[in-house]
Amino acid sequence: MPTEPHNPPGNTLPDDAPPFRYGAALANEIEARWQDRWESERAYDAPNPGESGFDAARPKKFILDMFPYPSGAGLHVGHPLGYIATDIYARYLRMTGHRVLHAMGFDAFGLPAEQYAVQTGTHPRVTTERNIATMRAQLRRLGLGHEARRSVATTDEGFYRWTQWIFLRIYHAWYDAGAEGRGGGRGRARPIAELVAQFEAGERATSSGRPWAKLNEDQRRAEVDGHRLAFLAEAPVNWCPKLGTVLANEEVTADGRSERGNYPVFKRPMKQWMMRITAYAERLAADLDRVDWPEPIRQMQRNWIGRSAGAFVDFDCSTRRIRVFTTRPDTLSGATYLVLSPEHEMVDQLMPERYGAAGFARAIFPGAEGLVARNAPPRDMVGAYRAHAKSRSDEARREGDEKTGAFTGAYAINPMNGARIPVFVADYVLSGYGTGAIMAVPGQDQRDWDFAKAFGLPIVRTVQPPADFNGEAYVGEGPAINSGILDGLPVEEAKQRIGAHLRAIGRGEPTVTYKLRDWLFSRQRYWGEPFPVVYDESGRAHPIPEGMLPVRLPELDNFQPESSDDPDAPPRPPLARASDWARVELDLGEGTKRYTRETNTMPNWAGSCWYYLRYADPWNERAFVGREAERYWMGGNGVDLYVGGVEHAVLHLLYARFWHKVLYDLEEVSTPEPFGRLFNQGYIQAAAYTDERGVYVEAAGVEERGGSFWFGGGPVRREFGKMGKSLKNAVAPDEVCASYGCDTLRVYEMSMGPLEASKPWNTRDIAGAHRFLQRVWRNLIDERTGATRVADGPGEPDLRRALHKTIAAVRRDMETLGFNTAVAKLIEFNNELTKRCGPDSGAPVPREAAEALVLMIAPLAPHLAEELWSRVAGASRGSVVRAPYPVCDESLARETSVEVPVQILGRLRGKVSVPADADARALEAAALADEKIAALIAGKPVKKVIVVPGKMVNIVTG
RNA sequence: GCCCGAAUGGCGGAAUUGGUAGACGCGACGGACUCAAAAUCCGUUGGCAGCGAUGUCGUGGGGGUUCGAGUCCCUCUUCGGGCACCA
């Protein structure tokens with residue numbers, strides 16, 4: 001406890017300031033002292049079931065922040081916004097009798113440490129550990145009440161061993177779409193052994209239809225591998241030669257570049273590990289209804305999953321059948337041609353030797369004219385078109401609305417009306433969606449209309465547009481026409497009818513498809529989790545037995561993946577260079593044999609898919625999480641509050657939900673969803689300045705003069721953007737803490753505005769938060785002597801009323817994370833306190849008000865509150881961390897009389913004072929009796945009087 | 001193009017279910033303290049008219065519902081975010 005004045009040189013306080021004023025130095029001294037104390041007393045530890053001190057009677061709350069990457073640049077004040085909010089909420093919950101799990105770990109694998117290693121030769125582990133230490137210190141300085149013993153890092157062997165273990169669980173599982181789901185519904189993951197048993201018993205047909213018993217070893221393996229939830233596939237992947245790695249679809253921008261680094265990305269087939277997330281598409285979409293998440297986030301996930309209901313339709317094409325997917329099977333009669341994607345596997349088989357007579361353009365694309373002129377055969381024409389389509393970037397594909405394509409020379413039969421329709425390839429049909437083939441209905445689809453116009457193909461309307469319709473393709477409601485049995489039916493009924501019809505004639509069936517693709521799970525990187533997989537001499541994959549985990553990363557002196565400008569360069573992951581590590585002799589149950597390790601590593605998302613489960617039981621060496629701990633902390637609907645930025649709306653949240661659902665199906669976890677309630681905090685923006693060349697200058701050095709901004713003598717332009725290094729506008733929390741203390745920073749960040757909103761940082765405004773805390777301190781502590789200004793007793797009724805109304809309002813705000821208004825109400829109450837019994841009044845502060853104020857401030861400014869609590873309440877009452885949060889006494893909060901506005905014709909004309917419980921009649925009488933009101937309505941007939949008791953009176957005159 | 005979200009004083013932002021618009025903070029202005037400045041404290045502060053009581057306008061623009069609209073409906077504008085030839 002300070003007994004000496006705390007005004008060292010450099011303090012913002014003047015030399016003659018009172019010795020016990022709450023300034024930067026005192027704040028810093030208080031904060032350091034209590035941080036040490038909380039740490040040594042393990043103030044935030046929450047025992048697990050079975051640990052001493054565990055109390056099952058108390059409700060649990062699992063509060064979670066999104067997993068941070070420990071960046072070398074350190075934190076800026078924008079980062080901890082969400083952390084401060086969860087800390088305040090967690091502290092509030094502790095004070096209201098909850099057991100709170102609140103921990104912070106580090107998503108520490110990833111590219112920056114690896115790139116730094118490439119540049120400097122420093123091992124990524126060294127960089128990572130240093131960055132974690134820095135970040136831990138920064139977080140500690142903010143007074144965040146995380147449970148230190150639960151802090152984990154994905155790079156810890158004790159952690160990634162379980163990441164590998166979960167990978168194996170997924171590898172050893174398959175999705176049985178027909179099985180009864182755990183907790184109702186259809187579909188669940190099951191152990192792969194059960195699939196094998198089904199094959200062996202002949203209960204399940206193999207994909208080829210040949211009996212299991214007749215299959216050889218490799219065929220059986222292929223059959224089983226084709227069902228696994230983690231599987232190897234030769235699939236078109238996003239290859240980024242510059243980064244020397246493949247990327248997930250989600251990591252590629254719309255214009256075909258890498259999200260990280262903005263390098264060109266090429267589609268190219270490669271053998272890679274995949275996760276069968278598409279098996280869960282339906283449940284991932286449907287279960288969004290069972291979580292309390294912001295609606296926009298749920299929308300984004302729904303859009304990403306992209307569920308669409310429609311039908312498969314099979315078209316005969318000489319001896320083959322082409323299956324298309326459509327959401328408008330009702331328009332089948334209007335299908336005047338088919339389009340396959342250029343990559344469609346049937347294209348080669350369909351093409352005849354030469355074109356027959358055709359009444360439409362055979363091909364439209366750059367260079368097509370020459371081929372048409374010399375009457376090139378379909379094979380050449382389509383080949384040239386495919387080359388063209390491949391060379392076009394996704395960006396170019398979208399640019400310009402002109403449709404390109406080529407006629408295959410083949411014709412298909414429309415199953416609805418027997419019409420002979422041409423088959424095209426065109427890149428407006430995507431290979432990855434549906435069946436990679438469409439039936440084109442120009443009358444009801446604008447894209448098909450455009451193509452039909454360009455190629456001179458017929459257009460048949462099958463839905464009657466309204467009389468005043470003068471557009472091209474008509475996509476609205478209307479009766480079916482030109483459609484035989486469907487004629488006259490509205491769209492929805494026609495869809496039902498045609499679905500049944502197709503099924504009856506064996507030419508298709510209703511179905512559902514998704515935009516969601518399987519998740520590419522391999523990366524050609526060093527700093528990631530190694531796969532627990534080896535390959536035998538014939539290239540067959542073998543999982544590493546659980547007992548041999550973890551598979552550790554080898555030491556390397558060169559961490560660089562081979563980067564190239566050549567899109568065809570082979571991938572050379574850094575681990576492939578660790579030949580001593582990659583070549584192993586193992587006994588996997590068939591005697592000691594030679595194997596080669598998988599040299600790819602897992603993507604960065606792997607660790608963040610399950611870290612929250614590890615928080616619940618981080619010291620468990622026998623399981624990734626103990627059953628009892630999992631059931632306790634995840635009980636109810638999983639994590640009780642998950643706070644993070646919108647940037648994870650799709651990727652992390654979708655992958656984590658997927659893993660969680662697999663683990664749920666396999667009975668490793670008890671809830672179908674991981675995160676019951678999600679909250680997105682906004683960004684902190686900051687002014688950034690560009691000079692005359694348009695280059696960003698250090699925002700800290702900019703001066704404002706007469707409304708314009710100057711840097712180093714030259715004028716600069718102001719803009720606002722996300723705080724960070726690139727805009728040179730980052731403000732470090734350490735600086736703010738040094739000048740004001742972290743309690744001030746916490747209060748300021750919370751008072752800036754609603755948590756979910758993005759708002760601009762304004763260093764000038766911090767003083768307001770600091771003054772508030774200073775005034776609280778000044779009300780309770782004599783600035784000259786350091787003695788408390790608190791006297792026993794409850795205080796006057798007016799003060800008590802203000803207090804209890806504040807308690808009720810602040811509690812409401814805490815529950816809804818409305819910390820900005822909570823702060824405002826506390827300031828308001830403290831201002832009231834200052835007026836009635838501040839230092840200038842000479843009156844002491846009543847104990848009830850003093851203690852309640854300190855306790856209400858405790859979650860927001862815990863250090864100041866702890867210090868005041870120890871001085872005002874005394875050491876015997878313990879720490880403020882678990883002190884009971886004040887409770888509003890309704891009888892004390894109630895007003896005796898209220899001032900009610902009186903309106904005439906909806907316009908405010910006066911106010912009357914009435915007892916708070918005055919009923920409508922009394923209120924009306926009081927309003928009409930008011931002199932001013934009476935004068936205003938004199939001579940006018942009163943048509944109606946609207947009275948809302950306690951709220952207002954509105955007199956409607958004629 | 002489609003889907004979300006937002007727009008309130010000089011600034012950040014408040015306003016239960018439609019019921020006193022502008023809480024709280026910053027800034028600005030005036031005052032106290034000081035030789036002075038800083039810090040701190042007290043007061044004023046949406047626009048316009050008025051000495052004043054007060055009146056009047058006012059929540060991005062236009063229209064509507066209602067006794068009453070920042071809040072509900074229609075429409076437009078601007079800004080932010082997501083998706084983007086997904087059949």
Side-chain angles (χ1 to χ4, degrees), chain A residues 11-18 21 23 254 294-300 302-304 306-308 310 324-328 331 339 394 397-398 401 403 426-430 432-441 444-448 450-451 513-516 646-647 649-650 683 707 747-748 751-754 756-769 771-772 774-775 778 783 809 812 818 820-828 831 834-835 838-840 899-911 943-948 950-957:
Chain A
N11 190 350
T12 52
L13 293 183
D15 296 341
D16 58 349
R21 173 161 290 176
E295 193 48 40
I297 299 295
R298 290 196 284 191
Q299 271 301 339
M300 282 163 72
R302 280 194 202 100
N303 289 343
W304 193 267
R307 181 186 200 276
S308 67
V324 306
F325 172 73
T326 178
T327 55
R328 293 297 302 275
T331 64
V339 186
D394 288 356
R397 271 191 176 204
R398 257 188 313 279
D401 303 307
K403 293 279 184 283
D427 66 2
Y428 84 94
V429 173
L430 310 173
Y433 183 72
T435 61
I438 63 154
M439 62 180 214
V441 187
Q444 275 84 226
D445 185 298
Q446 190 60 42
R447 296 159 300 185
D448 297 344
D450 294 341
F451 190 89
T513 61
Y514 302 90
K515 267 190 334 195
L516 186 67
V646 261
E647 68 271 22
V650 178
Y683 296 112
V747 169
Y748 169 62
S751 65
M752 289 170 79
E756 65 272 23
S758 289
K759 49 238 158 186
W761 177 265
N762 191 350
T763 297
R764 208 165 52 181
D765 290 356
I766 301 170
R771 278 202 280 263
F772 162 54
Q774 197 174 61
R775 286 172 191 156
R778 182 158 45 227
E783 285 188 327
R812 245 194 330 269
N820 54 329
T821 48
V823 170
K825 281 155 196 161
L826 288 167
I827 293 174
E828 219 171 349
N831 288 348
T834 308
K835 212 173 292 169
D840 291 347
E899 192 178 59
V900 171
V902 181
Q903 301 175 346
I904 296 173
L905 287 170
R907 304 178 75 90
L908 182 66
R909 294 298 172 187
K911 289 168 187 177
K943 269 165 64 178
K944 196 157 130 192
V945 180
I946 290 131
V947 183
V948 183
K951 284 280 184 192
M952 50 75 66
V953 178
N954 189 9
I955 300 164
V956 186
T957 56

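Reminder, nothing fancy here: chain letters follow the sequence lines and each chain counts from 1.
For A:Tyr433 and A:Met752, each mapped to the nucleotide of RNA chain B holding its nearest heavy atom, the one lying further toward the 5' end belongs to A:Met752. RNA chain B is contacted by both A:Leu908 and A:Asn820; A:Asn820 maps to the nucleotide lying nearer its 5′ end (nearest heavy atom per residue).
A:Pro296 pairs by the side chain to side chain contact (heavy atoms under 4.5 Å, CB included) definition with A:Pro294, not counting sequence neighbours. Listed by chain and number, the residues in a side chain to side chain contact (heavy atoms under 4.5 Å, CB included) with A:Pro754 are A:Glu756, A:Ala757, A:Asn820 (sequence neighbours excluded). Checked against side-chain hydrogen bond (donor to acceptor under 3.5 Å, both in side chains), A:Thr821 has the following partners two or more places apart in sequence or in another chain: A:Asp813. Every side chain to side chain contact (heavy atoms under 4.5 Å, CB included) that A:Lys515 has, sequence neighbours left out, goes to A:Tyr433. Contacts of A:Tyr748 classified as ring-ring contact (aromatic ring centres under 6.0 Å, His included), with partners at least two apart in sequence or in another chain: A:Trp761. A:Arg328 is linked by a side-chain hydrogen bond (donor to acceptor under 3.5 Å, both in side chains) to A:Asp330, counting only residues two or more places apart in sequence or in another chain. Under the side-chain hydrogen bond (donor to acceptor under 3.5 Å, both in side chains) criterion, A:Arg302 pairs with A:Asp289, A:Glu295, sequence neighbours left out. Judged as a side-chain hydrogen bond (donor to acceptor under 3.5 Å, both in side chains), and not counting sequence neighbours, the contacts of A:Tyr683 are A:Glu647.
Using a 4.5 Å cut-off on side-chain heavy atoms (C-beta onward), A:Asp448 and A:Ile438 make contact. Residues A:Val956 and A:Val945 form no side-chain contact, since every pair of their non-hydrogen atoms from C-beta on lies 4.5 Å or further apart.
Between B:rU40 and A:Arg771, a contact under 4.0 Å exists linking OP1 or OP2 to a side-chain N or O. Side-chain nitrogen and oxygen atoms of A:Ser308 include at least one within less than 4.0 Å of the OP1 or OP2 phosphate oxygen of B:rA87.
Note that A:Lys403 lies outside the cation-pi zone of A:Phe451, set by a 6.0 Å cut-off to the ring centre and a 45° limit from the axis.
To the nearest angstrom, P of B:rG31 lies 20 Å from CG of A:Asp840. As a whole-Å value, the separation of A:Arg298 CZ from B:rG5 P is 12 Å. The distance between atom NZ of A:Lys835 and atom P of B:rC42, rounded to the nearest whole Å, is 9 Å. Rounded to an integer number of Å, the gap from A:Ile827 CD1 to B:rG13 C1' is 12 Å. The CG-P distance, from A:Asp445 to B:rG1, rounds to 18 Å in whole Å. Put simply, CD on A:Gln446 is 14 Å from C1' on B:rA87, counting in whole angstrom units. One interatomic measurement links the two molecules: CZ of A:Phe325 to P of B:rC85, which rounds to 17 Å at whole-angstrom precision. The separation between A:Glu828 atom CD and B:rA14 atom P is 15 Å, rounded to whole Å.
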Sub-3.5 Å pairs of nitrogen or oxygen atoms, protein against nucleotides 46-50 of chain B:
none

Using atom names, set out every protein N or O paired with an N or O of nucleotides 67-69 of chain B below 3.5 Å, distance rounded to 0.1 Å.
| from | atom 1 | to | atom 2 | distance (Å) |
| --- | --- | --- | --- | --- |
| B:rC67 | O2' | A:Asn954 | ND2 | 3.3 |
| B:rC67 | O2 | A:Asn954 | ND2 | 2.3 |

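Here the shortest heavy-atom pairing between A:Ser308 and A:Thr327 reads OG-CG2, 4.0 Å. Taking all atoms of both residues into account, the shortest heavy-atom contact from A:Met752 to A:Pro760 is CE-O, 3.3 Å. Closest approach of A:Pro901 to A:Leu908, counting heavy atoms only: CB-CD1, 3.5 Å. The shortest heavy-atom contact between A:Met300 and A:Ala649 is CE-CB, 3.4 Å.
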### Task
Whenever both distances are under 3.5 Å in a Watson-Crick or G-U wobble pair, mark it; put RNA chain B into dot-bracket that way, with [ ] for crossing pairs and | when the partner is on another strand.
(((((((..(((......[....)))((((((.......))))))((((....))))..(((((..]....))))))))))))....
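No engagement by A:Pro839 is indicated, since no non-hydrogen atom pair under 4.0 Å with the nucleic acid exists. Within the 4.0 angstrom heavy-atom criterion, base atoms lie near A:Glu899. Across all strands, A:Arg307 comes closer than 4.0 Å to no nucleic acid atom at all (heavy-atom distances). Counting non-hydrogen atoms under 4.0 angstrom, A:Arg812 reaches nothing in the nucleic acid. If you check every strand for non-hydrogen atoms under 4.0 Å, A:Lys911 touches a base. Nucleic acid contact for A:Arg909: sugar-phosphate only, since backbone atoms but no base atoms lie under 4.0 Å from a heavy atom of the residue.
Here the OG1-CE distance, from A:Thr326 to A:Met439, works out to 4.0 Å after rounding to the nearest 0.5 Å. Taking CG of A:Asn954 as the reference point, atom NZ of A:Lys944 lies at 9.5 Å (rounded to 0.5 Å).
B:rU8 and B:rG13 are spaced 9 Å apart, taking the C1' atom of each and rounding to whole Å. Taking atom P on both nucleotides, B:rG55 is separated from B:rG61 by 25 Å, rounded to a whole Å. Atom C1' of B:rG31 sits at a distance of 26 Å from the matching atom of B:rG22, rounded to the whole Å. Comparing B:rA6 with B:rA87, their C1' atoms sit 33 Å apart, to the nearest whole Å. One P atom belongs to B:rC73, the other to B:rG19, and the distance between them is 15 Å to the nearest Å. Rounded to whole Å, the separation between the P atoms of B:rA15 and B:rC24 comes to 13 Å. Taking the C1' atoms as reference points, B:rC2 lies 13 Å from B:rC85, given to the whole Å. With both ends at atom P, the span from B:rG52 to B:rG46 equals 15 Å, rounded to whole Å.
The side chain of A:Asn831 lies closest to B:rG25, out of B:rG25, B:rU40, B:rG13. In the set B:rU16, B:rA87, B:rC41, B:rA87 carries the atom at the smallest distance from any side-chain atom of A:Thr327. Of all nucleotides listed (B:rC24, B:rA39, B:rC57), B:rC24 comes nearest to the side chain of A:Ala824.
Applying the 90° criterion around 0 to the glycosidic angle, B:rG9 comes out syn.
On a pure distance criterion of 3.5 Å, a polar donor-acceptor pair joins the side chain of A:Lys403 and the base of B:rC85.
Annotation: proximity of residues 756-765 of chain A to RNA chain B (heavy atom, distance under 4.0 Å) is found for A:Ser758, A:Lys759, A:Pro760, A:Arg764, A:Asp765, numbered in ascending order.
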